[in-house]
Amino acid sequence: MRTGLRHAVVTAVALVTAGTALPASAAQSPQSAQHEGRQDHPSHGSLSATVRYTEYGIPHIVAKDYANLGFGTGWAQAADQVCTLADGFVTVRGERSRFFGPDAAPDFSLSSAAKNLSSDQYFRGVREAGTVERLLAEPAPRGPSRQSKDLMRGFAAGYNAWLKQNRITDPACRGAAWVRPVTALDVAAQGFALAVLGGQGRAVDGITAAQPPAATTTSPVRPDAEDTARAARELFATDSAGMGSNAVAFSGTTTANGRGLLLGNPHYPWQGGRRFWQSQQTIPGELNVSGGALLGTSTVSIGHTAHVAWSHTVATGVPLNLHQLTLDPTDPTVYLVDGRAERMTRRAVTVAVKDGPPVTRTQWWTRYGPVVTSLGASLPLPWTSTTAYALNDPNAANLRASDTALGFGRARTAADVLGSLRRTQGLPWVNTIAADSGGHTLFTQSQVLPRITDELAQRCSTPLGRATYPASGVAVLDGSRGDCALGRDPDAVRAGIFGPAKMPTLVDAPYAENSNDSAWLANADRPLTGYERVFGSIGTQRSLRTRGAIEDVTAMAEKGGLTVRDLQAQQFANRAPAGDLAAADAAKACAALPGGTATGSNGTVVDIGEACGVLASWDRSVNTGSRGALLFDRLWRKIPASQLWKVPFSAADPVRTPHTLNTDTPAFTTALADTVAELRAAGIPLGSRLGEHQFVVRNGQRIPVSGGTESLGVWNKIESAWNPAGGGYTEVTTGSSYIQAVGWDGGRCPVARTLLTYSQSSNPNSPHFSDQTRLFSGERWVTSRFCERDILSSPALRIVRVHER
């Protein structure tokens with residue numbers, strides 16, 4: 001009986017999805033113009049979708065139009081991630097203080113706010129100003145298309161339907177008053193928050209704390225230009241943003257069958273609202289795309305269609321700039337532009353607070369954006385009686401990312417991916433790397449950046465800006481001059497941002513790779529130059545991860561004959577470039593220390609003899625079974641970066657320099673002693689296996705995790721909190737997340753292997769709370785089920801028809 005019922009259901013679904021068997025040209029047209037004329041609104045006001053679940057709880061969502069597709073997506077996301085989604089919606093409504101108290105800290109998924117109160121002040125201010133509503137009302141391509149808005153509307157309805165029809169079992173929010181129905185505006189506000197993460201979202205505390213100086217207050221010292229430049233450089237380094245990524249595309253000249261290959265390895269948080277969630281979205285004859293979406297969004301962010309695959313890496317472009325304001329000496333809330341006085345706009349924002357009276361604070365806005373008094377604790381921007389700073393964030397006018405993603409989802413070629421980027425200009429802070437079944441590759445830094453040309457920065461930078469812009473790409477322009485406005489490129493969808501012609505782009509290189517450094521060495525044999533400093537640097541030292549990645553992918557391309565299996569091997573090669581460069585020298589220097597001892601930073605003499613042998617025998621990898629990896633990792637972190645190398649960086653040899661560990665410096669022996677003492681104090685054997693001390697705990701069980709840190713240069717990046725009392729590195733904080741290895745073999749279905757490292761659900765009661773995490777631990781993959789025959793033949797197939805009631 002069960003078999004017969006399943007056969008009947010599968011037959012019905014096959015009829016619903018018959019359009020997916022259409023030729024790819026009909027199902028995945030890249031031209032957005034033909035989609036604008038479709039009648040996609042549901043005919044009876046009742047939304048529905050079919051969700052087919054395959055192994056590991058991956059949903060394949062089929063719907064007749066965009067609103068219904070959004071409905072199915074919202075429903076399925078809620079089923080896996082209702083508590084995380086609800087937390088995000090509380091954030092963008094500005095209600096965290098109401099439910100969690102004003103002094104608690106958010107999880108930093110949607111802004112850098114240190115406390116709930118500042119988060120609420122910002123997002124409540126956005127809501128009361130009608131910012132998102134105005135963006136929704138903009139005609140495409142300046143604003144989102146009707147298809148994108150239908151997806152948002154459907155997503156909200158699907159989330160609400162799941163709440164109405166199901167009981168929450170996740171203890172994180174079971175019975176919580178803050179889990180409530182949402183609106184399409186809430187979903188759009190989530191997209192807005194993601195768009196401004198690198199701009200206003202980075203400066204929330206500085207925006208909400210900005211207050212004019214009292215008349216009797218002595219003006220603080222102006223910020224030191226060099227200190228500020230150093231702080232800006234550190235702030236906008238990708239490894240300090242908590243996110244990163246690797247991605248490589250190989251052209252048909254390097255592969256076994258002349259078709260392209262794509263390996264995407266984004267490094268995102270393992271907890272909270274910036275996780276990926278995996279699905280396939282299908283509108284028969286219109287859209288068919290599979291991949292990972294950021295939670296709370298209704299489109300696939302990183303993924304593949306039948307003929308093209310793409311991934312993103314966090315870019316080096318600085319998505320904000322500052323305008324230094326010259327103030328009226330009689331009123332610090334009035335600034336001058338070309339000698340004319342302009343009064344700041346005052347926004348009084350009131351936030352409800354748990355167990356206390358509402359809190360009202362005032363924000364101050366200018367023609368350039370909000371007044372800001374800091375970009376993080378290390379970068380103060382004091383508001384004095386004569387000077388203030390306003391932050392310009394062009395992504396505060398960008399609600400276009402969903403249309404960019406829809407363009408990718410309709411793409412057949414890497415050129416179509418580039419076409420979507422050029423039409424919609426919606427990606428705020430990432431690069432795009434793509435490959436297609438025709439053997440083509442793409443790297444492009446097509447992101448929304450303030451239109452800061454080097455000429456404008458030279459002409460209009462203040463003394464502070466003359467230090468920060470060369471060092472970090474953060475421009476500080478003279479806000480008192482009208483001729484310092486950002487201007488407009490003729491091919492840009494809005495004023496004040498770069499048009500597509502200015503974006504660093506590399507087409508059809510044998511390989512195109514990025515590991516969060518600038519576009520310069522996307523292919524080391526075809527360096528990209530000529531772009532403005534705001535996009536990133538040229539001729540500067542690369543990270544060890546970039547250097548290791550270029551070494552690896554260059555060797556792969558030169559070997560040729562590549563297949564998806566080679567991509568899988570690269571993901572879990574777990575080579576530590578820092579170990580290759582320095583472990584042998586470290587072991588040799590260790591063995592040469594007199595008496596087998598070294599003195600630690602606290603003056604204690606430490607027996608380091610055992611460490612020398614462990615370092616010498618380490619296999620230079622960060623597999624779970626690697627002995628010596630943990631010792632080297634802890635040692636490497638303790639040597640000051642300024643004292644690491646004997647041979648300095650050379651722009652003429654950027655992949656191989658700097659090199660040769662500087663074992664002559666006392667910092668090396670001190671670090672060695674401190675490392676040995678640290679591990680012994682924690683009861684951790686110097687030669688223990690990495691997986692015994694780098695793991696996650698799921699439902700009370702340890703799952704060992706391979707991979708290594710940014711500083712070691714490992715492709716399979718894993719960052720964890722050091723907790724020696726708890727056994728070493730325990731819970732992973734960020735690292736490899738939605739991984740995909742995609743190629744083609746000439747058939748109708750792509751050859752794709754995927755992994756969602758932290759699994760689909762954050763609910764410990766879900767069967768999909770840790771199943772893919774265990775796969776990741778064992779370096780095993782999920783075979784993607786993209787075509788209908790593969791979905792319907794899944795032994796785990798479960799079909800759910802979801803609808804409003």
Side-chain angles (χ1 to χ4, degrees), residues 112 198-200 202-203 205-207 210 219-241 315-327 335-336 366 368-394 429 449-481 483-487 496 498 517-518 520 529 531-543 640-642 648-649 651:
S112 65
Q200 290 182 11
R202 192 190 294 267
D205 290 341
I207 293 170
S219 294
V221 178
R222 292 180 181 273
D224 178 85
E226 293 305 319
D227 288 346
T228 303
R230 187 180 309 109
R233 183 170 56 247
E234 294 172 356
L235 180 67
F236 286 89
T238 53
D239 61 344
S240 69
T316 54
V318 179
L320 62 80
N321 71 279
L322 297 168
H323 295 266
Q324 186 168 319
L325 306 178
T326 299
L327 303 180
Y335 59 103
L336 305 177
T366 71
Y368 305 112
V371 175
V372 60
T373 53
S374 69
L375 290 177
S378 63
L379 211 163
L381 298 164
W383 187 348
T384 73
S385 59
T386 59
T387 303
Y389 297 89
L391 183 148
N392 171 52
D393 178 359
W429 32 264
L449 294 179
R451 189 182 171 279
I452 306 292
T453 64
D454 293 349
E455 182 278 330
L456 178 65
Q458 175 67 30
R459 178 166 52 84
C460 288
S461 287
T462 66
L464 183 62
R466 285 195 284 274
T468 61
Y469 185 70
S472 66
V474 178
V476 185
L477 304 181
D478 187 346
S480 70
R481 293 169 50 189
D483 66 335
C484 292
L486 272 57
F498 286 105
D517 271 313
S518 70
W520 178 40
T529 59
Y531 49 86
E532 310 289 353
R533 175 64 184 88
V534 69
F535 283 92
S537 61
I538 295 170
T540 59
Q541 184 172 324
R542 306 288 93 172
S543 72
S642 61
F649 169 74

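- Residues Gly473 and Val534 come closest through the heavy atom pair O-CG2, 3.8 Å.
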**Q.** Stepwise side chain to side chain contact (heavy atoms under 4.5 Å, CB included) check, Ser378 with Glu234
**A.** CA-CA 9 Å; Ser378 63; Glu234 294 172 356; 5.6 Å; no
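- Taking both residues in full, the closest heavy atoms of Pro470 and Ala467 are given as CD-O, 3.7 Å, listed atom of the first, atom of the second, then distance.
- The two residues Ala390 and Leu325 make their nearest non-hydrogen contact at CB-CD1, 4.2 Å.
- To the nearest 0.5 angstrom, Thr387 atom OG1 is 11.0 Å from Leu381 atom CG.
- Using a distance-only test at 3.5 Å, with no hydrogens or angles considered, no donor-acceptor pair links the side chain of Ser374 to the main chain of Ala377.
- Looking only at side-chain heavy atoms (C-beta outward), Gln200 and Ile207 come within less than 4.5 Å of each other.
- Contacts of Phe498 classified as ring pair (Phe, Tyr, Trp, His ring centres under 6.0 Å), with partners at least two apart in sequence or in another chain: Phe535.
- Remark: side-chain polar atoms of Arg542 are paired, donor with acceptor, to backbone N or O of Thr540 under 3.5 angstrom.
- Here the shortest heavy-atom pairing between Leu375 and Ala203 reads CD2-CB, 3.4 Å.
- In terms of modelled atom types and a separation under 3.5 Å, the side chain of Thr468 and the main chain of Val474 share a donor-acceptor contact.
- Between the side chain of Thr373 and the main chain of Gly206, a donor-acceptor pair closer than 3.5 Å is present.
- Contact check on Asp393 versus Arg202 returns no salt bridge, with no Lys/Arg side-chain nitrogen under 4.0 Å from an Asp/Glu carboxylate oxygen.
- The side-chain contact (heavy atoms from CB on, under 4.5 Å) test applied to Asn392 returns Asn321, His323, Pro394, Pro450, Leu486, not counting sequence neighbours.
- Remark: Asp517 CG to Ser543 OG distance equals 4.5 Å, nearest 0.5 Å.
- The backbone N or O of Ser537 lies less than 3.5 Å from a partner atom in the side chain of Tyr531, making a donor-acceptor pair.
- Counting only distance, with no hydrogens or angles, the side chain of Arg533 and the backbone of Ala475 share no donor-acceptor pair below 3.5 Å.
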Q. Hey, mind stepping through Tyr389 and Leu464 against side chain to side chain contact (heavy atoms under 4.5 Å, CB included) and telling me if it holds?
A. CA-CA 11 Å; Tyr389 297 89; Leu464 183 62; 3.9 Å; yes
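- Within the model, atoms CD of Gln324 and CG of Leu477 stand 10.0 Å from one another, a figure rounded to the nearest 0.5 Å.
- Residue Ala471 comes nearest to Arg233 through the heavy atom pair CB-NH1, 3.4 Å, listed as atom of the first residue, atom of the second, then distance.
- Using a 4.5 Å heavy-atom threshold, the side chains of Leu322 and Leu391 count as touching.
- Closest of all the heavy-atom pairs between Arg459 and Arg481 is O-NH1, 3.2 Å.
- Side-chain contact between Val476 and Tyr469 is absent, with no heavy atoms from C-beta onward closer than 4.5 Å.
- Using a 4.5 Å heavy-atom cutoff, the side chains of Leu379 and Thr228 are in contact.
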